Amino acid sequence: MKNVKGLEISILHTGWIENDKAINFLLPKTGTKSNPTPLAEWWRVPSIAVLIKHPEAGYIIFDGGSRRGDEVGGGGRSRRDEQIAPLYIEEDQWADKQLEKCGVTVQDLSAVIISHFHWDHIGILECIQGTKAAQNVYVSKKDFGYGLVETHIKKSDVPTTYFYRNFEIPGLTYHYVEEDMEFLPGIEFIMLEGHTPGIIGLVIHAEEQTYILPSDAIYTAKNYGPPAIVPGLIYDSLGFFRSVEKLRKIEKEYHAKIIFPHDPDQLAGLKTAPYFYK
Ligand SMILES: [Zn+2]
């Protein structure tokens, strides 16, 4: 696929999540005979969404940050879940406010792509009710179905991941993505796995550079390696490695730049909204 003139992306920084490093990297500090109880390491990772400016389709958002109420003390998640992965967010870091930083409102969005339905990726959905984007919400069929069963059949709000209320936002029309496909000129959906049963990743052939957005299939550059390091929070560890291999091929083919979803070191070196990368 060719790079497309006028295709650009802006990185939206949608707050900070704190958690045990063992969620991001399996066994970061293994207990040993001489040190059987090593201390957990608590750290902070950013959350991001990406605004895409497409020459024909206009503005599209990929992932949507967290939902109001999910911040510390907000009441949207259980106290226990807030303890496992507290969210700290400034008022201007909600996804709709980040759009405004770029001079864009939710009314200007033509579509929303949700890589997977974990709580820190769906926040934009309640902001788009009644807009044209509400009729164009793209989700991973495997992930969406799995999340629905977990929350609505098993009735378990899985800690740090899926929550019942996030599937109950009225007025949205979902389109299922099941396989790799061209979404628009210059934008490809690629199906990834491991973190959940199926994550939508994007390959964006922007004007000057191809970007890969793997979302939580690969949290950080350190997870990507080489060597690849599987996260502690994982649905299918072998699927994780398959995703890594798939991404390496695409990265090589297009000399692409991968933008990781929860990487504090990488984000520190990136320009965020309102800057657009070409
Ligand atoms: Zn996730």
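Only a predicted model underlies this, so the values are computations on that prediction, with no experimental measurement involved. Below, each value reflects all heavy atoms present in this structure, side chains not excepted, and no hydrogens, waters or symmetry copies. Indexing begins at 1, ligand by ligand and atom by atom, following the structure's order. Along the sequence shown, residues carry numbers from 1.
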Subject >> Centroid-centroid under 6.0 Å between Tyr219 and His195 rings >> reply: yes
Subject >> Parallel, tilted or perpendicular: ring planes of Phe189 versus Tyr138, cut at 30 and 60 degrees >> reply: tilted
Original post:
Is there a donor-acceptor pair under 3.5 Å between the side chain of Ser140 and the backbone N or O of Ser115?
Top reply: no
**OP:** Fit a plane to each ring of His118 and Tyr162, take the angle between them on a 0 to 90° scale, and name the class: parallel (under 30°), tilted (30 to 60°) or perpendicular (over 60°).
**Re:** perpendicular
Subject >> the Zn ion (ligand 1): protein N, O or S atoms that are less than 2.8 Å away, sorted by chain >> reply: His116 NE2, His118 ND1, His195 NE2, Asp216 OD2
Original post:
Are Glu178 and Lys142 within salt-bridge range, i.e. N to O under 4.0 Å?
Top reply: no
**OP:** State whether Glu18 and Arg44 are salt-bridged, where the test is any N-O pair (Lys NZ or Arg NE/NH1/NH2 against Asp/Glu carboxylate O) under 4.0 Å.
**Re:** no
